[in-house]
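Each remark here refers to the structure printed beneath this line.
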Amino acid sequence: MAIDPRFYHTEGALDPARLAGHLSCDLSAVPDLPIRSIGSFDAASPGDLCFFDGKSKSWPGKLTEGAVCLVRQDEDWSASESDALLKLSDPRGAFFALTDNWITEEHHSNTPPAIHPEASVAESAVVSNGAAIGEGTRVEPFAYIGPGVQIGKGSRIGSHASIRFSLIGDGVRILAGARLGEDGFGLMPGDGRMIDIPHFGRVILQDGVTLGANCSVDRGLLADTIIGEHTKIDNQCHIGHNTIVGRHAVIVAYGGISGSVKIGDYAQLGGRVGVADHVTIGDGSKVAAGSGLMKDVPAGETWGGYPARPVKDWHRELIWTKKHSARKKASS
């Protein structure tokens, strides 16, 4: 996925051969296209720069023609000689050091906001340049709408909510104090310290979504954070970067969803459920309140406990523990 020009601006195109010289590394093949944007490996387009910091044996497939990928120089990439690969010691670090200076936020200094005549915007609310507010949408006092943000028809933006780098559908309810589009918790080591990784994705809320008070939804790193149609998220929940939530899902209060999680359609998560990163929760599945989920949940199953497991196993273990605890007390 190339960066969205409504939110990000590149400081000119990069010549792949010159970039190789700048980074003091080898370029396996020179593409015809200059580098104009960035993307993740699995979604790179022609003219995109991406990185892969795994081993050559786990190379996920042929690189999109016309894209350039940063890879580790200590690996044998002979099987990918037709791909445009830049080989260096730290591809992830080099990628984010480069993009942090090359890609900047788009402020739309010459484009005033487009507010529909039938929209209602409180006097104390801030609607930035390049933003668009649809018919019948209400923006309440002290809300902040960032540059380039698009909000559809009949939505409600609660007081003190902050929305950046986001596309909001029709009939969406974002309650007071919610925060959308801030950086996620992306870190990498460097120079003996942890470094924040810049984020270049978006938040997308589809039609009919409800996002509770004081929720936080991080924008994607190189992809998007997406919440599907008519999904309902209770107050005080956190949705990590790159997470995809399906349609008609329910997440109850204090839910903590880590990055790159996939939650299926009609899934239901009880209160205080915590989900580890890169976990997949299948369509129609349920997770009991207070559970800690560290493994994938198949579609239609109910899990619970800490760590979470199928509900029958969890209940069986609880019963066993209760019986043995009672016997121990009786014998003492």
>> Looking at D74, I'd like to know if its CG atom is crowded, meaning that more than 12 non-hydrogen atoms belonging to other residues, nucleotides or ligands lie closer than 6.0 Å.
In response: yes
>> Less than 4.5 Å apart, side chain to side chain, heavy atoms only: is that true for W303 and S291?
In response: no
> For V252 and G270, which heavy atoms make the closest approach, and how far apart are they?
Replying inline: CB-C, 3.7 Å
>> Keeping N129 on the side-chain end and H108 on the backbone end, is there a donor-acceptor pair under 3.5 Å?
In response: yes
> Can the ring centroids of F165 and Y8 be said to lie less than 6.0 angstrom from one another?
Replying inline: yes
> Quick one: are the ring centres of W314 and Y306 less than 6.0 Å apart?
Replying inline: no
>> side chain to side chain contact (heavy atoms under 4.5 Å, CB included) for I38 and W102? Distances and angles first, verdict last.
In response: CA-CA 10 Å; I38 60 173; W102 180 45; 3.7 Å; yes
> What closest approach, in Å, do R156 and L175 show between heavy atoms, and which atom pair accounts for it?
Replying inline: NH1-CD2, 3.6 Å
>> Looking at G148, is its backbone amide N or carbonyl O close enough to the side chain of Q150 to form a donor-acceptor pair, meaning the two atoms are under 3.5 Å apart?
In response: yes
>> Taking L187 as the starting point, is it possible to reach L222 by hopping between hydrophobic residues whose side chains are less than 4.5 Å apart?
In response: no
>> Among V245, V273, V275, D296, which residue satisfies the side chain to side chain contact (heavy atoms under 4.5 Å, CB included) criterion with I281?
In response: V275
> Going through the checks in order, is the salt bridge (Lys or Arg N to Asp or Glu O under 4.0 Å) test met by R164 and E105?
Replying inline: CA-CA 11 Å; R164 306 174 70 229; E105 296 182 15; 3.3 Å; yes
>> Looking at D170 and K153, is there a salt bridge between them, counting it only when a charged N and a carboxylate O are closer than 4.0 Å?
In response: no
> Are E106 and R6 ion-paired here, with the side-chain N under 4.0 Å from a carboxylate O?
Replying inline: no
>> Membership question, hydrophobic clusters at under 4.5 Å side-chain separation (ILVMFWY): are M294 and F185 in the same one?
In response: no
> After noting the C-alpha distance and the side-chain angles of V217 and T225, does the key distance pass the side chain to side chain contact (heavy atoms under 4.5 Å, CB included) rule?
Replying inline: CA-CA 8 Å; V217 182; T225 302; 3.8 Å; yes
> Taking a hydrophobic cluster as the set of Ile, Leu, Val, Met, Phe, Trp and Tyr residues connected by side-chain heavy atoms closer than 4.5 Å, whether directly or through intermediates, do L167 and Y144 fall within one such cluster?
Replying inline: no
Table please: side-chain donor-acceptor pairs of residues 228-240 below 3.5 Å, with sequence neighbours left out.
from	atom 1	to	atom 2	distance (Å)
T231	OG1	G228	O	3.4
T231	OG1	G246	O	2.6
T231	OG1	H248	N	3.3
T231	OG1	A249	N	3.0
K232	NZ	G208	O	2.7
K232	NZ	T210	OG1	3.3
D234	OD2	A253	N	3.0
N235	OD1	A213	N	2.7
H238	NE2	D218	OD2	3.4

> Does the T137 side chain pair with the main chain of S155, one donor and one acceptor, at a distance under 3.5 Å?
Replying inline: yes
> Does some side-chain heavy atom of T64 sit less than 4.5 Å from a side-chain heavy atom of P46?
Replying inline: yes
> Any side-chain heavy atom of F7 within less than 4.5 Å of one from F200?
Replying inline: no
>> Let's go through K62 and D83 carefully: what are the C-alpha distance in whole Å and the side-chain angles of both, what is the deciding distance for salt bridge (Lys or Arg N to Asp or Glu O under 4.0 Å) to 0.1 Å, and is it a yes or a no?
In response: CA-CA 7 Å; K62 182 173 175 56; D83 293 329; 3.1 Å; yes
>> Under the side chain to side chain contact (heavy atoms under 4.5 Å, CB included) test against I263, which residue among I257, V279, I244 passes?
In response: I257
>> I'd like to know if the side chain of D224 reaches the main chain of I226, judged simply by a donor and an acceptor atom lying under 3.5 Å from each other, with no hydrogens or angles considered.
In response: no
> Going through the checks in order, is the side chain to side chain contact (heavy atoms under 4.5 Å, CB included) test met by I227 and I204?
Replying inline: CA-CA 6 Å; I227 299 177; I204 297 176; over 6 Å; no
>> Counting C-beta onward and ignoring hydrogens, is there a side-chain heavy-atom pair between P91 and D53 closer than 4.5 Å?
In response: yes
>> Assigning hydrophobic clusters by single linkage (Ile, Leu, Val, Met, Phe, Trp, Tyr; side-chain heavy-atom cutoff under 4.5 Å), is V209 placed with V261?
In response: yes
> Would you find a donor on one side and an acceptor on the other, under 3.5 Å apart, between the side chain of S28 and the backbone of L85?
Replying inline: yes
> Between R309 and E317, is any pair of side-chain heavy atoms under 4.5 Å apart?
Replying inline: yes
> Looking only at heavy atoms, which two atoms of R36 and A13 are closest? And how far apart?
Replying inline: NH1-CB, 3.7 Å
> Taking only residues two or more places apart in sequence or in another chain, which ones pass salt bridge (charged side-chain N to carboxylate O under 4.0 Å, His left out) with K57?
Replying inline: none
> So, are E182 and R219 salt-bridged, with charged N and O less than 4.0 Å apart?
Replying inline: no
> Would you say the side-chain atoms of S159 pair up with the backbone N or O of A176, donor to acceptor, closer than 3.5 Å?
Replying inline: no
> I145 and side chain to side chain contact (heavy atoms under 4.5 Å, CB included): which partner among I168, I133, V126?
Replying inline: I133
> With a 4.5 Å limit on heavy-atom distance, are the side chains of I103 and I3 in contact?
Replying inline: yes
> On the ring face of F51, is R92 found with NZ or CZ under 6.0 Å from the centre and within 45° of the axis?
Replying inline: no
>> A side-chain contact here means heavy atoms from C-beta on lying under 4.5 Å apart; do D313 and H315 qualify?
In response: no
> Quick one: do E75 and K87 make a salt bridge, cutoff under 4.0 Å?
Replying inline: no
>> Assess the residue pair L86 and D26 against the criterion (side chain to side chain contact (heavy atoms under 4.5 Å, CB included)); give the C-alpha distance rounded to whole Å, side-chain angles, the decisive distance to 0.1 Å, and a yes or no.
In response: CA-CA 6 Å; L86 281 166; D26 297 327; over 6 Å; no
>> Hydrophobic cluster membership, with links at side-chain heavy-atom distances under 4.5 Å among I/L/V/M/F/W/Y: are I151 and I115 in one?
In response: yes
